[in-house]
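Note sheet for the following structure.
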Amino acid sequence: MATATASPRDTPVTVLTATAAFGLLLGWATYTLHGTTPLLERATNSVSAWIIWTAAAGALIRSRPLAVWGGALMMLATCVGYYTASTLGDTFGAGGLGSAAVWSVAGLAGGPLLAWAGWTVRRGPEGVRPVAGAVVAMVVLGRRSGWASPSATGTRRPRSWSSARGS
């Protein structure tokens, strides 16, 4: 749905550039703040922060197709920011390239869905908004439950089925 007056800030180049810049900053901040305090440890030792910010970015973008592209670009830029910071911090490690590739592909797959969900919660049809909000919540909860793969640093391991059941 087009508005009567379009802002020059809504051009695809401007929106995608801002999205990529924020993604790079988010990746760098995730690496840099990881482990500085217990609260920041919990906030940065998870992809949940990336998930929530990607959905928020989608909510801020007015055009649905642009939000979807922005979500993919933001997740990819976040991976680039994180792994560039880890390389500069000399902690990239032998398995870093594989982790970077896996998380980049995951971001390219999940980023559009998360940005769509953010866009839909804010601008989508009334009947679809709760579903879109549930998408973000399910991804965050699934990631925090321990069923997902370990973090990029390898310090957090997924729980086994027996420990998830409490046995």
Side-chain angles (χ1 to χ4, degrees), residues 16-61 67-68 70-122 129-167:
L16 294 177
T17 299
T19 304
F22 185 76
L24 288 169
L25 179 64
L26 180 60
W28 170 82
T30 300
Y31 176 81
T32 303
L33 297 175
H34 180 72
T36 55
T37 69
L39 177 62
L40 288 175
E41 173 73 22
R42 290 188 58 95
T44 60
N45 193 22
S46 171
V47 178
S48 297
W50 297 9
I51 293 165
I52 292 166
W53 282 109
T54 302
L60 294 174
I61 299 171
V68 169
L73 183 60
M74 183 170 165
M75 284 296 246
L76 184 60
T78 304
C79 287
V80 169
Y82 180 86
Y83 287 104
T84 299
S86 73
T87 299
L88 295 173
D90 202 25
T91 59
F92 191 65
L97 191 56
S99 291
V102 166
W103 284 113
S104 295
V105 170
L108 286 173
L113 174 66
L114 294 165
W116 167 84
W119 181 90
T120 302
V121 165
R122 185 161 184 202
R129 288 179 181 185
V131 174
V135 166
V136 176
M138 287 185 317
V139 174
V140 170
L141 290 174
R143 176 64 184 132
R144 295 300 298 163
S145 72
W147 287 91
S149 61
S151 71
T153 60
T155 57
R156 182 173 175 265
R157 300 283 182 227
R159 298 185 317 193
S160 69
W161 176 250
S162 60
S163 66
R165 290 189 324 225
S167 334

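Partners of L73 by side chain to side chain contact (heavy atoms under 4.5 Å, CB included), not counting sequence neighbours, listed by chain and number: L16, A20. Contacts of S104 classified as side chain to side chain contact (heavy atoms under 4.5 Å, CB included), with partners at least two apart in sequence or in another chain: L76, C79. Looking at residues two or more places apart in sequence or on another chain, you find a side-chain hydrogen bond (donor to acceptor under 3.5 Å, both in side chains) between T32 and W28. For S86, the side chain to side chain contact (heavy atoms under 4.5 Å, CB included) partners two or more places apart in sequence, or in a different chain, are Y31, Y83, T91, F92.
Within the model, atoms CG of L25 and CH2 of W53 stand 10.0 Å from one another, a figure rounded to the nearest 0.5 Å.
Counting only heavy atoms from C-beta outward, the side chains of Y82 and W50 approach each other to under 4.5 Å.
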Worked check of side chain to side chain contact (heavy atoms under 4.5 Å, CB included) between M74 and L114: CA-CA 11 Å; M74 183 170 165; L114 294 165; over 6 Å; no
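Screening residues 108-118 for side-chain hydrogen bond (donor to acceptor under 3.5 Å, both in side chains), with sequence neighbours left out, gives W116-T120.
Here the closest heavy-atom approach between residue A115 and residue G71 is recorded as CB-CA, 3.5 Å.
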Side-chain polar contacts of residues 129-141 - donor-acceptor pairs under 3.5 angstrom, sequence neighbours left out - could you list them?
from : atom 1 : to   : atom 2 : distance (Å)
R129 : NE     : G124 : O      : 2.8
R129 : NH1    : E126 : OE2    : 3.1
R129 : NH2    : R122 : O      : 3.3
R129 : NH2    : G124 : O      : 3.1

